[in-house]
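Excluded from the calculations below are hydrogen atoms, water molecules and symmetry mates; all remaining heavy atoms, backbone and side chain alike, are included. All of these numbers come straight from a predicted model, not from anything done at the bench. To find a chain, count down the sequence lines: A is the first, B the second, and so on, and within it residues start at 1.
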Amino acid sequence: MSIYDTLNPPQQEAVFHTEGPLLILAGAGSGKTRVLTHRIAHLIADKGVNPFNILAITFTNKAAQEMRERVDKLTGADGMSVWVATFHSTCVRILRRYIDRLGYDNRFTIYDSDDQKTLMKEICRKLNIDTKKYKERSLLAQISHAKDEMITPDEMEMNAGGDFNQKKVAQVYREYQAALKSNNALDFDDLLVKTVELFQNCGDVLESYQEKFRYIMVDEYQDTNTVQFKFVSLLAARYGNLCVVGDDDQSIYKFRGANIGNILGFERVFPDAKVIRLEQNYRSTKNILNAANEVIANNAARKEKRLWTENPEGEKLHFRQFMNGFEEAEYVIGDIAKKKREHLADYRECAILYRTNAQSRLFEEKCLKANIPYKIVGGINFYARKEIKDLLCYLKTIDNSADDLAVRRILNVPKRGIGATTVGRVQDYADYMNVSFYDALRVAEEVPSIGRSLNKIEGFVTFIQSLKSKAQAYSVTEILEEVIDLTGYVDELKAEDTEESRARIENIDELISKTVSYEEAMKAEGREATLSGFLEEIALIADIDTVDPDQDYVLLMTLHSAKGLEFPYVYLAGMEDGMFPSSMCIFSDDPTDMEEERRLCYVGITRAMKELTLTSARQRLVRGETQYNKVSRFVREIPRELVELGTTIQEHKPSMQETPSPKNSYMQMRQTFRAKPFEAQNFKVTKAASLDYGVGDTVRHIKFGVGIVRDIVEGGRDYEVTVDFDKVGVKKMFAGFAKLKKI
DNA sequence: GGAATTATGGCTCGG
DNA sequence: CCATAATTCC
């Protein structure tokens, strides 16, 4: 009896095929992690491969950690030497060693999106760019996309041709890169781009890593982007032992540059690639899996496949529609409380999934009220909080004084009486002398018209210098406590004594415990705990990584965060057209946007093992406005016979005066299901007897602006209107959705 | 120079 | 609605 006997034939084939390129098309819940871990075990135990020569790239740190543990269980302690990490942490480790070859300092800092925005704001000011016209966020998004595709500022400028806007973006991009470099900082995208650049420029470095990583595995391959693909193919170019695992139906990160072509075209790039499909699902009941299959079948662009399972049929899916989001949350939390009360489930077995982070609030409030432990994944990052950022910027300044952003942030925190005027004068001097902001502070007496501020600046510099020298001997925790102590940060908050200040102190305590646990972890691994090591780790940690399976809490998260996870009981909330699918993609002129949204729905459904509950609200408060939404089209794509509408049980007490009679809501739900998918009952309603505009009329569209109607074609469900817009050109759209207004 | 108050504008999704 | 920017006031 070997450890491989428990695997099914295609799984075994994937494990034993170790040489050459391999594409594993692994459907949801088909045991791909088992395959990967057994494959690593097989390489080590049977093929005699040194664990040191294996690289496995996962999507999150949490997945990496789990994989390592499972390999350990199979092979003994050898798992520790396998390099299992995310793309970003892999790149950081390489860059810490070699980035000086690209003219950076090896102690670079990593900028998060807040830092990026601050930097961008400054650049726009410097270049006299009107941030009303070019939004920082939008500029950064364009730059990020360029980096995903490995386009340099020069290339962007060349590609721009006569396009003034593009040229402007290229100019900002160039300036932004220069600023990063002079701050000795890298953004997230740079981690990948600079590593690839390093490989391309330094053959010896690439070669050493090619020799090291003789066997490479990449998980969640459908969500890799172009630069990640380049990184992997460079590494695998020598030995060609590249194994990628993915599922094109679960590709949900196009907005972040993910290139679905990487998986769809794998066989084209590697003609000798072996392809193995894993289609048996071990996770979900038949009902859940069938629902998922039916929904995803509505997508046109996909590799045809159908998952099957030997699991029991299980319960039908539940669907409930409520008057508003308030009642929806009350029902979901009530249902979870009931499961716990009746010992049917632990909290940790339940997950509430939604489309946007903003939806978490209602559920959080109900959890608090019902005294149910919960954890929200994502949303406002712990490290984005003011008090945490302040303290981290002290640590960053101590670690890398070239980081102007960090230095400027703490210069007057706590208040030292150094204001904007002084900062501007020092900055001008620094720019003029071409030195860092901190170096300018150190020679503040040279700065013109610095006046009374000189004393205060000298005090600050002395303070930082003393911390810097202490950092040589102190542990990370000690230096953090020293900062808190000497700045009086916590003392000040204590004096404030408000609910808010107490929460801030709690956060600071949590930060201290994070440095402590970092030091413990490093000690356990026999690595040195350093300040830059700590800063790097927290820069790369994702919220999902902090989920503790030993704690009994309900998990609240977005569908995106739920990727790769599974739960016995799943609640998909906010199943409304306009929420999910989001209105953005309903109105999009790119039909693949809707397909990606549907894949997201597929991911959501396939997270559930035993029971899946879908909920929606008739009216919902979005950004302070009431929206009236129809039940999501995705719900309508699920065959009626797989769904139970819950008319017999009325568990939740009607809480609001305007609760509809059960009969009414039942009728509404029946109506939703009466039509088969895509006969789309609700669309017919929107088809007006006639339109109030005709060919040749000028109309206004909510997104595209003003245009002239060119053509109107009467279709089965709706009128198809062709409009020539002033700004975006000719678009075809359905009258029911487009909400065109005659002007 | 700093705090308080008013105006504004933005929500997908994340490492 | 809620966080942040801009503006005003001290």
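Distances shorter than 4.0 Å separate none of the side-chain N or O atoms of K386(A) from OP1 or OP2 on dA3(C). For the OP1/OP2 pair of dG14(B) and a distance below 4.0 Å, the side-chain nitrogens and oxygens of S561(A) include at least one atom meeting the criterion. At the phosphate of dT12(B), neither OP1 nor OP2 sits under 4.0 Å from any side-chain N or O atom of T558(A). Under 4.0 angstrom from either OP1 or OP2 of dC11(B) there lies no side-chain N or O belonging to R355(A). Applying the 4.0 Å criterion to OP1 and OP2 of dG14(B), one finds that N357(A) has a side-chain N or O inside that range.
Distance, L191(A) CG to dG15(B) P: 14 Å, rounded to whole Å. Whole-Å rounding puts the E625(A) CD to dG9(B) C1' distance at 13 Å. Computed from coordinates, the R137(A) CZ to dG14(B) C1' distance equals 12 Å when rounded to whole Å. Separating the CD1 atom of I143(A) from the C1' atom of dG15(B) is a distance of 18 Å, rounded to the nearest angstrom. Regarding Q359(A), its CD atom lies at a distance of 13 Å from the P atom of dT12(B), rounded to whole Å. The nearest whole Å value for the distance from the CD1 atom in I418(A) to the P atom in dG2(B) is 9 Å. Atom CG of D148(A) and atom P of dG14(B) are 16 Å apart (whole Å). To the nearest angstrom, P of dG15(B) lies 8 Å from CD1 of I544(A).
When the nucleotides dC13(B), dC11(B), dG1(B) are ranked by their closest atom to the side chain of T422(A), dG1(B) comes out on top. For A358(A), taking side-chain heavy atoms from C-beta onward, the closest of the listed nucleotides dC2(C), dC11(B), dG15(B) is dC11(B). Closest to the side chain of N412(A), from the set dC11(B), dC13(B), dG2(B), is dG2(B). Checking dT12(B), dG10(B), dC11(B) against every side-chain atom of K135(A), the shortest atom distance belongs to dG10(B). Closest approach to the R623(A) side chain among dT12(B), dG14(B), dG10(B) is made by dG10(B) (side chain taken as heavy atoms from C-beta onward). Among the nucleotides dG15(B), dT12(B), dG2(B), the one closest to any side-chain atom of D189(A) is dG15(B). When each of dC13(B), dC11(B), dC2(C) is scored by its nearest atom to the side-chain atoms of R361(A), the top-ranked nucleotide is dC2(C).
Within 4.0 Å (heavy atoms only), K121(A) reaches sugar-phosphate atoms of the nucleic acid but no base atom. Nucleic acid contact for T421(A): sugar-phosphate only, since backbone atoms but no base atoms lie under 4.0 Å from a heavy atom of the residue.
Residues T90(A) and F87(A) fail the side-chain proximity criterion, which asks for heavy atoms closer than 4.5 Å. Taking the side chain as every heavy atom from C-beta outward, F437(A) and V423(A) approach each other to under 4.5 Å. Looking at heavy atoms from C-beta onward, N165(A) lies out of side-chain contact with Q142(A) at the 4.5 angstrom threshold. Annotation: side chain of M584(A) is not in contact with side chain of D593(A) (no heavy-atom distance under 4.5 Å). Contact check for R416(A) versus T422(A): no side-chain heavy atoms found under the 4.5 Å cut-off.
Residues F255(A) and Y253(A) bring their aromatic ring centres within 6.0 Å.
You cannot call Y253(A) stacked on the base of dC13(B); the centres under 5.5 Å and planes under 30° rule is not satisfied.
The P atoms of dA6(C) and dC11(B) are separated by 16 Å, rounded to the nearest whole Å. If you take atom P in dC13(B) and the same atom in dT4(C), they sit 16 Å apart, rounded to whole Å.
Ring planes of F213(A) and W83(A): perpendicular class, angle over 60° (limits at 30 and 60°). Y354(A) and F363(A) have parallel rings, their planes meeting at less than 30° on a 0 to 90° scale where 60° marks the start of perpendicular.
Residue side chain D543(A) does not reach the base of dG14(B) through any donor-acceptor N/O pair under 3.5 Å, judged by distance alone.
Side-chain polar atoms of D190(A) and Y111(A) form no donor-acceptor pair below 3.5 angstrom.
With DNA chain B read from its 5' end, the first of the two nearest nucleotides for V377(A) and G419(A) is the one closest to G419(A). Nucleotides of DNA chain B nearest to K456(A) and E597(A) differ in position, and the one nearer the 5' end is that of K456(A).
The stretch residues 59-66 of chain A has no heavy atom under 4.0 Å from DNA chain B, so no residue of it qualifies as close.
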